[in-house]
S.K.: 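Can you keep this structure in mind? I'll have questions shortly.
The first residue of the sequence shown is numbered 1, and numbering continues consecutively from there.
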Amino acid sequence: MSENVVHLHKPTDPPTHDTAPTMLTVVPDTPPVPPVPPVRAVPLWVRSGRVIKTGVTHDKTRAAARAAALAAARHSLYTLNGGRIVARRAWDGRTGSRYERMIRAAEAAGNLEAAEEWEERLQRFRAARHHRRMDLLHSPTDAAKSAAVGAGMSIGTLIALGVVMAINTGQVGDVITPLSATVDFIALLIRIVRVVWGPALTIGPFLALLALWSVGRKQQAAPAWALPANVRSSEGEPITPSIVVKALRDLGISPLKTAIKEMGDAGASMLGPIRIAGCGVEVDVTLPSGVATNEVQKRRRKLAENLTRHEHEVFITIPEAARTVRLWIADSGALDEPIGPSPLVTDETMTANYKTGKAPWGQDLRGDAAELSVYQRHLLVTGLSNQGKTAALRTLALWLALDRTVQFWIADLKGIGDWAMFDGIAQILIEGPSDDHVIQATEMVEDAVEEMNRRIEERRQDPTVVFEPLIVVVDEAQLAFMCPVVGEDKRPYGGAKATSRYFMAVRKLHNQGRAVDVLMWQGTQDPTDQNLPKLVREGAHTRASLVVGTESQSRMALGDKAVNGGAAPHLLRQGLDKGTLVVASDGITIPAGQASITVRTHFIDDELAAEIAERAKMLRDGATTLRVVDRSEERDALADVAAVIGEAARLRTNEVLKRLHSLAPKVYGDQWTNDRLKSLLEEHGEEPKKSHGVMVVHRDHVLRALANRDTDGSASAAE
């Protein structure tokens with residue numbers, strides 16, 4: 001049963017006049033509040049321990065402790081190694097060790113004249129040192145005599161000066177005044193030395209340590225792990241014989257390390273001259289007996305890091321000399337710099353010659369121009385996607401297009417316009433990735449086989465006949481090899497069997513095409529036995545590879561001989577070494593004894609490629625390009641243009657193309673351009689006009705063309 005409790009509250013402020021009445025407040029009864037348990041106090045030593053533990057384990061604390069430890073180690077090593085540097089300098093100054101080192105280095109380099117000169121200097125140094133030591137035997141007596149004579153002359157001089165002063169002043173005591181002043185001055189010096197000597201003995205060792213620390217700090221005489229981050233830069237050290245020998249010694253090859261230790265010249269005799277080679281240096285290393293060249297090749301990364309370089313900045317090849325590896329070591333960061341524009345871009349007067357000329361493809365690692373001859377050579381360019389394969393292949397075709405005698409049949413199975421600038425140059429241009437486009441590309445290659453057979457038959461009848469070169473280009477050829485479509489004759493278009501139409505057509509061109517100048521150029525991605533059969537890849541005279549994923553793919557792309565000789569496209573950096581090719585071909589100058597060469601190709605973008613193509617068209621009389629499109633749909637192009645314009649009086653050509661593509665993407669794809677639209681209207685007596693500086697298509701003109709066409713009874717399809 002609840003009850004009301006009456007609380008009596010007194011006013012907080014006393015009344016001013018009368019006594020304030022007592023206030024009554026009725027508060028409803030509430031259940032009692034349970035008591036709060038007391039909080040147990042945590043001992044202070046526990047809280048302090050937790051704070052200390054948190055502080056010790058905090059990342060910032062650890063980083064600070066690590067930095068302090070590194071700083072202590074670094075400065076201690078500066079002092080220690082500074083003492084070693086000073087001691088070595090003193091030893092070199094007192095002995096002939098410096099001359100002996102130079103003699104050994106000259107002998108190791110085979111420079112006998114320099115060795116004889118340093119030996120003569122050593123003999124002169126030893127003779128001068130012997131003369132100084134003999135002089136030391138007589139120096140105490142000579143020094144005593146010199147001191148006695150000097151002291152006597154000084155005293156006599158002082159007395160004579162005193163006599164002059166006495167005569168001048170008339171005071172006899174002035175005779176010894178200069179002598180007494182000198183004695184007082186000497187006594188003052190002695191007192192100064194007594195005062196300074198104690199602190200000097202105390203501070204002297206610290207000053208000596210400071211001097212040694214300064215020498216070590218100036219020379220950065222500490223391990224790399226102890227140096228500050230701003231000193232441990234990514235720039236590599238200059239390549240010297242000692243650095244190369246040390247890098248080889250630390251490769252982890254026991255026979256090599258033992259042989260270097262046993263050599264009297266500390267391994268210098270292994271090295272040939274270090275030559276400047278483009279953006280790096282080159283040196284031949286003759287390995288000692290018991291060390292194979294492939295053992296060094298397998299440790300490319302370790303060798304590069306020993307030379308303070310990245311792996312991609314060191315190339316190891318095998319020259320003709322036995323037990324020899326050739327090292328090319330780039331300047332740090334040099335391979336990440338662009339090589340400059342192509343001569344095709346900078347020289348507008350350049351022309352090409354299929355038979356005697358060479359295409360300006362790029363630069364080798366030495367910085368020299370890398371030029372490729374394409375005369376009667378089938379070509380294969382492979383690599384991972386988006387690494388510059390099409391650009392490298394197109395650069396060669398653009399150069400060759402400047403020879404007006406060369407014909408092109410091109411199938412771009414990517415179909416995004418990479419080869420669109422060859423419209424008006426190529427006799428056939430197929431663009432698209434579908435199975436229909438692959439079928440058309442296969443038929444194109446088969447037509448090339450028929451053309452080859454025709455030429456062979458004509459050559460038999462007339463051995464003196466000369467044919468115009470025909471270049472058959474298939475970009476993204478892996479789509480052709482992987483095509484699953486089977487024709488009406490039950491033969492598959494793709495595959496690597498004798499029944500495959502594309503495979504057999506390419507094989508026939510490889511076998512006999514070069515004799516009558518019908519050449520096969522292919523670009524393919526990510527080579528495997530499925531998308532690049534062995535017989536096809538080995539039929540190419542020029543084989544080039546961008547970065548690939550594995551060593552086995554490198555062997556597929558370039559062959560075993562090139563990879564065994566040091567070619568390593570699988571060690572290139574994906575995304576960073578775009579356009580860098582490893583080339584195996586007799587059409588390019590390769591250093592003697594090597595099986596391949598690394599080329600950094602020039603990049604020509606679409607706009608510049610179109611300009612070069614226009615120059616090629618000016619050299620030619622003009623070619624009617626057969627553009628093969630999707631045959632599954634036939635449309636009336638002129639009627640479609642009228643339909644997309646609608647009720648508008650005029651429409652920009654770009655907008656017309658965009659609407660055509662939306663209307664029928666398969667028909668009006670990337671192959672439809674402003675030139676294509678202009679050609680369509682010109683065929684019917686109309687063409688786009690400029691309005692305010694912009695090309696437009698007038699609705700009335702299109703309708704007039706339609707009316708005239710219908711009157712003539714002709715039809716124009718989108719083909």
S.K.: Got a salt bridge between K358 and E371, using NZ or NE/NH1/NH2 to carboxylate O under 4.0 Å?
M.R.: no
S.K.: Does the R300 side chain pair with the main chain of V314, one donor and one acceptor, at a distance under 3.5 Å?
M.R.: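 Side chain of R300 to backbone of V314: a pair is present.
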S.K.: Spell out, as yes or no, whether a donor-acceptor pair under 3.5 Å connects the side chain of W328 to the backbone of A277.
M.R.: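 Between the backbone of A277 and the side chain of W328 there is a qualifying donor-acceptor contact (under 3.5 Å).
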S.K.: When you compare the side chain of V164 with that of N168, does any pair of heavy atoms fall below 4.5 Å?
M.R.: no
S.K.: Closest heavy-atom contact between T240 and I274?
M.R.: C-CD1, 3.9 Å
S.K.: Distance-only, no hydrogens or angles: does the E313 side chain make a donor-acceptor pair with backbone N or O of R309 under 3.5 Å?
M.R.: no
S.K.: List the atom of V548, the atom of S554, and the distance in Å for their closest heavy-atom pair.
M.R.: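 V548 and S554 have their closest heavy atoms at CG2-OG, 3.3 Å.
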S.K.: Hey, what do you get for OG (S342) to CG (L608), rounding to the nearest 0.5 Å?
M.R.: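 The OG atom of S342 sits 9.5 Å away from the CG atom of L608.
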S.K.: Which value, rounded to the nearest 0.5 Å, describes the distance between L256 atom CG and E295 atom CD?
M.R.: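 L256 CG to E295 CD: 8.5 Å, rounded to 0.5 Å.
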S.K.: Please test L251 against V296 for side chain to side chain contact (heavy atoms under 4.5 Å, CB included), starting from the C-alpha separation and ending with a verdict.
M.R.: CA-CA 8 Å; L251 275 183; V296 178; 4.2 Å; yes
S.K.: Does R275 have more than 12 heavy atoms from other residues, nucleotides or ligands lying within 6.0 Å of its CZ?
M.R.: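 Count over threshold, so yes.
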S.K.: Mark yes or no for whether S180, through its side chain, and T177, through its backbone, hold a donor-acceptor pair below 3.5 Å.
M.R.: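 At least one qualifying donor-acceptor pair exists.
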S.K.: Rounded at 0.5 Å granularity, tell me how far NE2 in H130 sits from CZ in R126.
M.R.: 13.0 Å
S.K.: Heavy-atom distance under 4.5 Å between the side chains of R191 and V195, does that happen here?
M.R.: no
S.K.: Would you mind listing every salt bridge (charged side-chain N to carboxylate O under 4.0 Å, His left out) that reaches into residues 561-574, with sequence neighbours excluded?
M.R.: D336-R573, R573-D577
S.K.: Ignoring hydrogens, what is the shortest heavy-atom contact between G575 and Q387? Give both atom names and the distance.
M.R.: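 Smallest interatomic distance, heavy atoms only, reads N-OE1, 3.0 Å.
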S.K.: Hey, does the side chain of T324 reach the backbone of A322 with a donor-acceptor pair shorter than 3.5 angstrom?
M.R.: yes
S.K.: Can you find a pair of side-chain heavy atoms, one from L307 and one from I243, that are under 4.5 Å apart?
M.R.: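 In contact.
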S.K.: Checking E305 side chain against K302 main chain: does a donor-acceptor pair fall under 3.5 Å?
M.R.: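 Judged by distance alone, no pair lies under 3.5 Å.
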S.K.: Run the side chain to side chain contact (heavy atoms under 4.5 Å, CB included) check on T580 and T598 step by step: do they pass?
M.R.: CA-CA 7 Å; T580 300; T598 301; 3.7 Å; yes
S.K.: Mind listing the closest non-hydrogen atom pair of A392 and L581 along with its distance?
M.R.: CB-CD1, 3.9 Å
S.K.: State, with a plain yes or no, whether a side-chain heavy atom of E311 is found less than 4.5 Å away from one of L571.
M.R.: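 Yes, side chains in contact.
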S.K.: Roughly how far, to the nearest 0.5 Å, is CD1 of I316 from OG1 of T293?
M.R.: 10.0 Å
S.K.: So how far is it from D364 CG to T589 OG1, rounded to the nearest 0.5 Å?
M.R.: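 Interatomic distance, D364 CG to T589 OG1, rounded to 0.5 Å: 9.0 Å.
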S.K.: To the nearest 0.5 angstrom, please state how far the CG atom of L209 sits from the OG atom of S214.
M.R.: 12.5 Å
S.K.: If you look at every heavy atom in P288 and M270, which pair is closest and at what distance?
M.R.: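 Shortest heavy-atom separation between P288 and M270 comes out as CD-SD, 3.7 Å.
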S.K.: Between V547 and H570, is the side chain to side chain contact (heavy atoms under 4.5 Å, CB included) condition met? List the steps.
M.R.: CA-CA 5 Å; V547 57; H570 56 284; over 6 Å; no
S.K.: Taking T286's backbone N and O only, do any of them form a donor-acceptor pair with R323's side chain (distance below 3.5 Å, no angle check)?
M.R.: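 No, the answer is negative, given that no donor and acceptor are paired below the 3.5 Å cut-off.
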S.K.: Report yes if some heavy atom in the side chain of L271 is under 4.5 Å from a heavy atom in the side chain of V245; otherwise report no.
M.R.: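 Yes, their side chains come closer than 4.5 Å.
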S.K.: Between R299 and I253, does a side chain to side chain contact (heavy atoms under 4.5 Å, CB included) hold up when you go through it step by step?
M.R.: CA-CA 10 Å; R299 291 168 171 81; I253 304 175; 3.8 Å; yes
S.K.: For the residue pair N564 and R555, confirm or rule out a side-chain donor-acceptor distance under 3.5 Å.
M.R.: yes
S.K.: Would you check if I260 and K257 make a side-chain contact, meaning some heavy-atom pair closer than 4.5 Å?
M.R.: no
S.K.: State whether the side chain of T169 and the backbone N or O of M165 hold a donor-acceptor pair below 3.5 Å, judged by distance alone.
M.R.: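 Yes.
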S.K.: Do W361 side-chain atoms and H602 backbone N/O form a donor-acceptor pair below 3.5 Å?
M.R.: no
S.K.: Kindly indicate whether the side chain of L344, heavy atoms from C-beta on, has any atom under 4.5 Å from the side chain of I604.
M.R.: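 Counting from C-beta outward, L344 and I604 do come under 4.5 Å.
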S.K.: To check you understand the geometry: which heavy-atom pair defines the closest contact between A595 and I590, and what is its length?
M.R.: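 That would be O-CD1, 4.1 Å.
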S.K.: Does the pair R121/E117 count as a salt bridge with the N-to-O cut at 4.0 Å?
M.R.: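 Yes, R121 and E117 are salt-bridged.
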S.K.: Answer whether the closest heavy-atom distance between the side chains of L372 and S585 falls below 4.5 Å.
M.R.: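 In contact.
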S.K.: Using modelled atom types and a 3.5 Å cut-off, is there a donor and acceptor pairing between side-chain atoms of N81 and backbone atoms of L77?
M.R.: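 Looks like yes, one N/O pair under 3.5 Å.
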